[in-house]
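Residue numbering restarts at 1 for every chain, and letters A, B, ... go by the order of the sequence lines.
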Number of protein chains: 2
Amino acid sequence: MNQITEARAGNITQEMACVTRIEDIDQIVLRDHIARGEVTIFRSTKNATPKRIVAVGKGLSTKINANIGTSRDLNDLAFEIEKLRIAEHYGADTVMDLSTGGDVRENRKKIIDLSVIPVGTVPVYDVMFEMSSAGKKITDVSDDDFLRAIEDHIEDGVDFITVHCGVTEEVLRIVQASERLMGVVSRGGSFICNWMQQNRRENPLYRRFDDIVALAKKYDVVLSLGDGLRPGALHDASDEAQFKELMILGELQQRALQHDVQVIIEGPGHVPLDQIEMNMKLQKKTCHNAPFYVLGPLVTDIAPGYDHITAAIGGALAAWSGADYLCYVTPAEHLKLPDLKDVKEGVIATKIAAHAADIAKYGVKYRRRDDEFSKSRMQRDWESQIKHGLDPEKAKAYRDAARVKENDTCSMCGEFCSAKLNEQFLKK
Amino acid sequence: MNQITEARAGNITQEMACVTRIEDIDQIVLRDHIARGEVTIFRSTKNATPKRIVAVGKGLSTKINANIGTSRDLNDLAFEIEKLRIAEHYGADTVMDLSTGGDVRENRKKIIDLSVIPVGTVPVYDVMFEMSSAGKKITDVSDDDFLRAIEDHIEDGVDFITVHCGVTEEVLRIVQASERLMGVVSRGGSFICNWMQQNRRENPLYRRFDDIVALAKKYDVVLSLGDGLRPGALHDASDEAQFKELMILGELQQRALQHDVQVIIEGPGHVPLDQIEMNMKLQKKTCHNAPFYVLGPLVTDIAPGYDHITAAIGGALAAWSGADYLCYVTPAEHLKLPDLKDVKEGVIATKIAAHAADIAKYGVKYRRRDDEFSKSRMQRDWESQIKHGLDPEKAKAYRDAARVKENDTCSMCGEFCSAKLNEQFLKK
C-alpha cells in the first residue's frame, strides 16, 4: 500500500514509524504531512533490497543528494560504486544515478542493488542515450519511448524519478522570446525542448502525465517534478519561463496527489542571494507545500572549481528559507564528471549547508552536536574534535601537520591559546 | 592631513578621488560618508611605500582580509611573504600580520615594506610576546607596555590596528557569570581579561583610549575596535557579553570621530544563520553606521578542515545584511597556521562570499562579470571561462582532466550538453 493512501486512512506505516524515530517528531503530525503531500518517503515497494528510510519535507531535517553515474567519456561502473560508497560514508541521504554511458540499465540495477540509501534516476536520459546509440533522429522518438523508459526505471526498483513534465510548448515559446543568457541548462529539459521543436508537438511527459502517475503509483515511486527551466546564470534567475513552469508543476502535483502518488518539486539553479528566500516561499505557495529539492542555488557564476562553495552558500540560505532537500554540487561542476575527491567535497559542503540551515530552522535540537563539539574544543580535546567533526581524516591530517610543541594547543596560537588562557579567569 | 578632517572641510583628497574611480561612485557622496565615519580609507601617512588605496564601508564593494604571520611553532618570514603574495594574487584587499614568533618587529617591517595592499596588525600580540620572551608575569605588564606597542606599530607604518578597547571589567564579570561554552576566544581579548583579573584594574586600552586616539591621529591610522567577546561557538552567539562590548565600541567610535580618527568595528565569530542579519543591523545601529569587519561568521562548529566554507556561508549573508569587510577563514582554522594552499582556499572562498553579497546588495553593477562569464559558458568557450574565473589554474586542471572526445563539451554531459542542444531550438 502507498504511504499517502495509508496516511489518508489514518494508518501509521512501518516507514512512518521509522521516520518518527529518526527525526524525533510526532507520528500523527508526520502522518498528516504525508497525507497532504508535504512530506514524502522514498521507498519503492518494488525494490526488495532493504534501504535506509529517508523522508523529506515539512518539519524534517534537510536532506542531501549526491549524483553519480557514467557518461560516454567516463564509463566505469566500479568507479561509480566507489563514489556511491563515499557519498554514503560522508552523509548523503540519497543518490541519483545519472548514467549516460556504457550499459546504463545494468549500471542502474547494480547501483540500486548496492546502495544502502534511496536511489533516484532521470529516465529521459535513457531516451536520449538510446536515440544516440541507435543513431535515431529525434523525430523518431515517440511518446511510448518516454513512457517505456519510465516504466523500465520503475520496474528496476528506483525510489524516485525526475520527470520534466512542466516544460511545455508555451514555456518553450517564453524562453525563445526571452533574453536568457543560458537558455535551458537542464539536460532533460533541453532534450524535451528540442523534441517539441522538431516534432511540433506538446511535451509527452506533460500530455501523458496521468499515465506517468499510474506507473509511479504501482510501487509508490516518488515523482520528482524536474525544473527544466531552472536558471543557469544569475542573469536568468526568477524569470517568466522559470515561474511559468513552477505554476505548471504546482498543478501537476495536485493531480498526482489525487491518485495518492508522492511528489517533490525541483528548483534552481543559479540565483542571486537576494532572490533565494522569495524563490523558496513562492515554490511553497505555488506547489502547496510540496517538498522542495534544489540544485544549489549557486550565488555566482564565476567560480568554476569552487561551485561546491557557491552552492553551499545558496543551499544554506535556501534550506533555511524553506527548501527541504539539497542536491550536492561538486568542485567539478561545469567542468567534468566528479572524481572521488570531488564527491567527498561536494557531500561535505552540502552537509554543512544543510546542518547550518537545520540549526537556523529548528534551533537547539540540531545544535546539540555543535555544543558537544565546542566543549571538546574548549577543553582542547583534540581526539574528540577529530572524531566528531564532519571529516575526521582531514582534521587529523591538519592536526598532525601542525607539529605543536605543547600538546594542548595548536600552531595557530601556541602558548597564546585563548582557550587555555580562559582557565586563568573563568572558573568552571 | 587626515581623511576625516579633509572630508569635513569639504575637500576631496587624492585617496578619495582614487576610491571614487575604483568603486565607480559619486565623490561627494563618498566624502560625506567619510565625514560621518561610515567609510574608512586605509592609508597611513607614515608609510612611504605606495600601496593600493582601499576603502571600506557604505556604498562600497565588500572587501576581504587575509591573516598571515609567524607563530612560535612556525616561524619563517619567507614563508609568510609567500602567503602575502598568494593573498594579493587571489584578491585579498588587505592583509593582517599576526606574527607571534621570531623577530616580530622585523617581520612586521618587512611585510609592510613588501605588501602592495594595506597592512593591519594587533599590537597587543607584541605585549604578549614580549612578556613571554622576557619571562615576565602578567602583573609586570604596565599600561605603558600596551601604549608603547601601539606606538611602535604606528611608527612602523601600519595602516590599521586592532585594539580590544571594549573588553572592560564589567564585560568580564558578565562572561564569568555566563553559561558560555567557549568563554573568550579572541587571543587579545583573553589576554586582556587575564590582565584585568590578575592586576585587578580596568583594561588599559579602555582607560587610555584617548591616548590611543592621539597616536592613531598622527598618521591617520585606522582603529579597528576589536571584538574580544565575539562568540566562539554557536551556543554563545548574541549574548549579553557580546552586545555589551558592542555598545561600548559604539561609544568609543564616537569619541574617536570627534578627533577625526577613522574607526571600523570588528564582529563575530560563530553565529547561527538566523541570527546573522540581526547582528549586522544591531552593529550598524549601535555603532552609527561605522564599517563592520567580521570574522566569519561561522554557521556551524563541527566542520574543522572546512571552516572556509562555514565562514563563506555566514560571510555572504553577513555582507549582504550590512557587513563591509570580511576576514578570511582558511581550512586550517582551529587546527593550525595556514599553509600556502590554505591561504589560497581561504581567500577564494571569502572572495566568493563577498562577490555574491555585492550582487545581492548592488545588483547588475557587480553582476556584469557573471553575465560575461555565462555568455562564454553558453558558447562553450573554455579558454575564456578558464581565464575569467576566480582560479584559472584550478579550472584548467579540471578541464584538462576531463579528457573530452569533443572539444565543445565537457565530460559531464558529453554529447548531451544542454548548451549545445540549445542551438537546436534557440535562435540567437
Side-chain angles (χ1 to χ4, degrees), chain A residues 71-74 128 181-183 185 187 190 193-194 197 233-235 272-274 299-305 309-310 312-313 316 320 335-337 349 352 355-356 359-360 367 369-371 373-374 378 389-391 394-395 398-399 402 405 410-414 416 418 421-422 424-426, chain B residues 71-74 128 181-183 185 187 190 193-194 197 233-235 272-274 299-305 309-310 312-313 316 320 335-337 349 352 355-356 359-360 367 369-371 373-374 378 389-391 394-395 398-399 402 405 410-414 416 418 421-422 424-426:
Chain A
S71 75
R72 188 197 49 182
D73 292 340
L74 187 61
M128 292 157 56
L181 295 181
M182 286 295 298
V185 295
R187 266 187 286 185
S190 61
C193 285
N194 200 21
Q197 176 85 354
L234 295 187
H235 173 278
L273 263 184
D274 58 314
V299 294
T300 172
D301 304 334
I302 63 169
I309 298 179
T310 69
I313 294 171
W320 173 36
L335 293 166
K336 70 179 187 78
L337 273 191
I352 288 170
H355 179 65
I359 294 167
R367 211 193 60 213
R369 183 172 172 189
D370 296 70
D371 291 354
F373 193 92
S374 290
M378 187 64 165
L390 288 184
D391 182 359
K394 188 174 183 184
Y398 268 83
R399 172 72 188 157
K405 297 202 175 105
C410 85
S411 69
M412 186 166 240
C413 305
F416 307 117
S418 62
L421 262 180
N422 273 257
Q424 303 294 317
F425 57 86
L426 288 188
Chain B
S71 74
R72 187 196 50 181
D73 292 338
L74 188 62
M128 292 157 56
L181 295 181
M182 287 294 298
V185 294
R187 265 188 288 186
S190 60
C193 285
N194 201 21
Q197 176 85 355
L234 295 187
H235 174 279
L273 261 184
D274 57 313
V299 294
T300 172
D301 305 333
I302 62 168
I309 298 179
T310 69
I313 294 171
W320 173 36
L335 293 166
K336 70 178 189 78
L337 272 191
I352 288 170
H355 179 66
I359 294 168
R367 210 195 60 214
R369 183 173 172 189
D370 296 70
D371 291 354
F373 192 93
S374 290
M378 188 64 167
L390 287 184
D391 182 359
K394 187 173 183 185
Y398 268 83
R399 172 72 186 155
K405 297 204 175 104
C410 85
S411 67
M412 186 166 241
C413 305
F416 306 117
S418 63
L421 261 181
N422 273 257
Q424 304 292 319
F425 57 86
L426 290 187

So [Y] and [X], do their side chains get closer than 4.5 Å, heavy atoms only?
X        : Y        : answer
B:Val299 : A:Ile359 : no
B:Phe373 : A:Pro304 : yes
B:Ile352 : A:Thr300 : yes

To the nearest 0.5 Å, how far apart are [atom1] in [X] and [atom2] in [Y]?
X        : Y        : atom1 : atom2 : value
A:Ile309 : B:Leu390 : CD1   : CG    : 10.0 Å
B:Gln424 : A:Ser190 : CD    : OG    : 10.0 Å
A:Leu421 : B:Cys193 : CG    : SG    : 9.5 Å

Under 4.5 Å from a heavy atom of chain B, the part of [X] involved:
X        : value
A:Phe425 : both
A:His355 : side chain
A:Arg367 : side chain

Minimum heavy-atom distance between [X] and [Y], given as atom pair plus value:
X        : Y        : value
A:Ala402 : B:Lys336 : CB-CB, 3.5 Å
B:Met378 : A:Gly183 : CE-N, 3.9 Å
B:Ala316 : A:Leu273 : O-CD1, 3.6 Å

Worksheet item: Do you know which of B:Gln197, B:Arg369, B:His235, B:Met128 has the most heavy-atom pairs under 4.5 Å to chain A?
Response: B:His235

Discussion item. If we define contacts as heavy-atom pairs under 4.5 Å, which of B:Asp391, B:Thr310, B:Ile313 has the most with chain A?
Written reply: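 If we count pairs closer than 4.5 Å to chain A, B:Ile313 comes out on top.
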
Fill in: Side-chain donor or acceptor of A:Asp370 paired with backbone N/O of B:Asp301 under 3.5 Å
yes

